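Have a look at the structure below, then the notes.
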Protein chains: 2
Amino acid sequence: MGRGRVVLERIENKINRQVTFSKRRSGLLKKAFELCVLCDAEVALIIFSSRGKLFQYSSTTDINKIIERYRQCRYSKPQAGNSLGHNESQNLYQDYLKLKAKYESLDRKQR
Amino acid sequence: MGRGRVVLERIENKINRQVTFSKRRSGLLKKAFELCVLCDAEVALIIFSSRGKLFQYSSTTDINKIIERYRQCRYSKPQAGNSLGHNESQNLYQDYLKLKAKYESLDRKQR
DNA sequence: TCAGCTATGTATAAATA
DNA sequence: TTATTTATACATAGCTG
């Protein structure tokens, strides 16, 4: 876009890199928003600049909801690569949540 | 883009909505990737379609790294006191084991 | 569904103020 | 710097096969 074809590599000039970051970041956030509205999707977008500044977009009030949903979805998978031994439920994250609930329940009793 | 101006509201026609979702999703993922490469940024992008299918992009091998960095940044404190969050190890399985140990310890005390 | 096509609207790199 | 402008490249809505 703009003048000249985009070469896909790190922009070495620091000024240009920052300007481009600023423009493309806002473009990306806008497009994320549009995708949500137009297509009824749920989107979470986290961006860190090279200097560590945080930007984010979330289609829900709480981005953590989407992250949790992501984890449910991700770790519910058969975990082909993860041979750490959750062979029965095949679901480490579910196990984790169950255990957490048990722990908290026991903790309450304890007090 | 394309023929006719985009109206920013949910696309009611289901077929059109799915087609648009597919196209814009790939566009969004591409732009996220480009932002990372061109501007040396770190990006995590999670998308759920309206029917619950998951798509994601991450500039690092493990998207959880970015999520954790986000939490560190967002909630400021490293959350040292809360060993139930996945804040430090960034490793669900490690967390699971730690929690299991705590649970068992508490359980023993209880008896 | 699933790719191409293409006319048109957008995003944005570079220039300018 | 930062904001605005402009020229161009890019993305994509509606089609078509």
Side-chain angles (χ1 to χ4, degrees), chain A residues 1-61 63 66-67 69-70 72-74 76-78 80, chain B residues 1-60 63 66-67 69-70 73-74:
Chain A
M1 315 112 183
R3 315 181 177 194
R5 188 161 265 120
V6 177
V7 182
L8 250 145
E9 56 189 26
R10 185 187 138 107
I11 297 167
E12 288 306 329
N13 182 293
K14 190 182 166 185
I15 302 301
N16 287 350
R17 190 167 68 243
Q18 284 179 349
V19 171
T20 295
F21 175 74
S22 165
K23 289 178 176 180
R24 281 177 171 262
R25 166 172 46 80
S26 68
L28 192 63
L29 292 167
K30 184 183 175 193
K31 288 211 171 266
F33 166 71
E34 291 179 353
L35 186 67
C36 294
V37 174
L38 293 171
C39 305
D40 204 21
E42 202 163 87
V43 176
L45 176 60
I46 297 170
I47 305 171
F48 283 102
S49 75
S50 60
R51 290 191 306 173
K53 192 168 177 193
L54 170 67
F55 303 87
Q56 64 166 301
Y57 169 76
S58 169
S59 58
T60 61
T61 314
I63 196 172
I66 300 174
I67 292 172
R69 188 176 173 192
Y70 165 77
Q72 295 272 355
C73 196
R74 213 67 231 297
S76 301
K77 290 234 175 106
Chain B
M1 320 108 180
R3 313 179 178 195
R5 189 163 263 118
V6 177
V7 182
L8 250 146
E9 57 188 28
R10 184 188 138 107
I11 297 167
E12 288 307 328
N13 182 292
K14 190 181 166 186
I15 302 300
N16 287 350
R17 190 167 69 243
Q18 284 179 350
V19 171
T20 294
F21 176 73
S22 166
K23 289 179 176 179
R24 280 177 171 260
R25 166 173 44 81
S26 69
L28 191 64
L29 292 168
K30 184 184 174 192
K31 289 216 169 261
F33 166 71
E34 290 180 352
L35 185 67
C36 293
V37 174
L38 293 171
C39 305
D40 204 21
E42 201 163 87
V43 175
L45 176 59
I46 296 170
I47 305 171
F48 283 102
S49 75
S50 59
R51 290 191 307 172
K53 192 168 177 194
L54 170 67
F55 303 87
Q56 64 166 303
Y57 169 76
S58 169
S59 58
T60 61
I63 196 173
I66 299 174
I67 291 172
R69 188 175 173 193
Y70 165 76
C73 195
R74 207 68 226 301

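A quick note: this is a predicted structure, and the numbers were derived from the prediction, not measured.
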Checklist line | A:Ser26 versus A:Lys23, closest heavy-atom pair with distance | finding: OG-O, 2.9 Å
Check: Does a side-chain N or O from B:Arg24 land closer than 4.0 Å to OP1 or OP2 of D:dA13, or not?
Finding: yes
Notebook entry, point to check: Do A:Phe48 and B:Cys73 touch side chain to side chain, with heavy atoms closer than 4.5 Å?
Noted result: yes
Note to self: Assuming nearest nucleotide by heavy-atom distance, tell me which of B:Val6 and A:Phe21 is located more 5' along DNA chain C.
What the structure shows: B:Val6
Notebook entry, point to check: If you measure from CD on A:Gln56 to CG on A:Leu29, what distance do you get to the nearest 0.5 Å?
Noted result: 9.5 Å
Next item on the list: Calculate the interatomic distance between B:Arg25 atom CZ and D:dT12 atom C1'; express it in whole Å.
Entry: 14 Å
Checklist line | Distance in Å, A:Leu38 CG paired with A:Phe33 CZ, rounded so as to fall on 0.5 Å steps | finding: 8.5 Å
Listing time: all N or O pairs from protein to nucleotides 1-4 of chain D that are below 3.5 Å?
none

Notebook entry, point to check: Less than 4.5 Å apart, any side-chain heavy atom of A:Leu45 and any of B:Leu28?
Noted result: no
Next item on the list: Would you mind reporting whether A:Ser50 and A:Phe21 have side-chain heavy atoms less than 4.5 Å apart?
Entry: no
Notebook entry, point to check: With sugar-phosphate meaning primed atoms plus P, OP1 and OP2, does A:Arg3 contact a base, only sugar-phosphate, or nothing at under 4.0 Å between heavy atoms?
Noted result: base
Checklist line | Side-chain touch A:Ile46/A:Ile63, heavy atoms, less than 4.5 angstrom | finding: yes
Next item on the list: Could you check B:Arg51, B:Arg10, B:Arg17 and say which one makes a side chain to side chain donor-acceptor pair (under 3.5 Å) with A:Asp40?
Entry: B:Arg10
Next item on the list: Whole angstrom is fine here: how far is it from CG in B:Asn13 over to P in D:dC15?
Entry: 11 Å
Check: Any stems for DNA chain C, made of 3 or more Watson-Crick or G-U pairs in a row, each with both distances under 3.5 Å?
Finding: C:2-17 with D:2-17
Note to self: In this structure, how many angstroms lie between the P atom of C:dT12 and the CZ atom of A:Arg17, rounded?
What the structure shows: 18 Å
Check: How close or far is atom P of C:dT12 from atom CZ of A:Arg5, stated in whole angstroms?
Finding: 17 Å
Note to self: Nearest 0.5 Å, please: how far is CZ in A:Arg24 from NZ in B:Lys31?
What the structure shows: 5.0 Å
Margin query: Taking any heavy-atom pair under 4.0 Å as a contact, classify B:Ser22: base, sugar-phosphate, or nothing.
Written below: nothing
Check: If you take all heavy atoms of A:Val43 and A:Ile66, which pair is closest and at what distance?
Finding: O-CD1, 3.3 Å
Check: Heavy-atom contacts under 4.0 Å between residues 28-51 of chain B and DNA chain D, which residues?
Finding: B:Lys30, B:Lys31
Margin query: To check you understand the geometry: which heavy-atom pair defines the closest contact between A:Leu35 and B:Arg25, and what is its length?
Written below: CD1-N, 4.1 Å
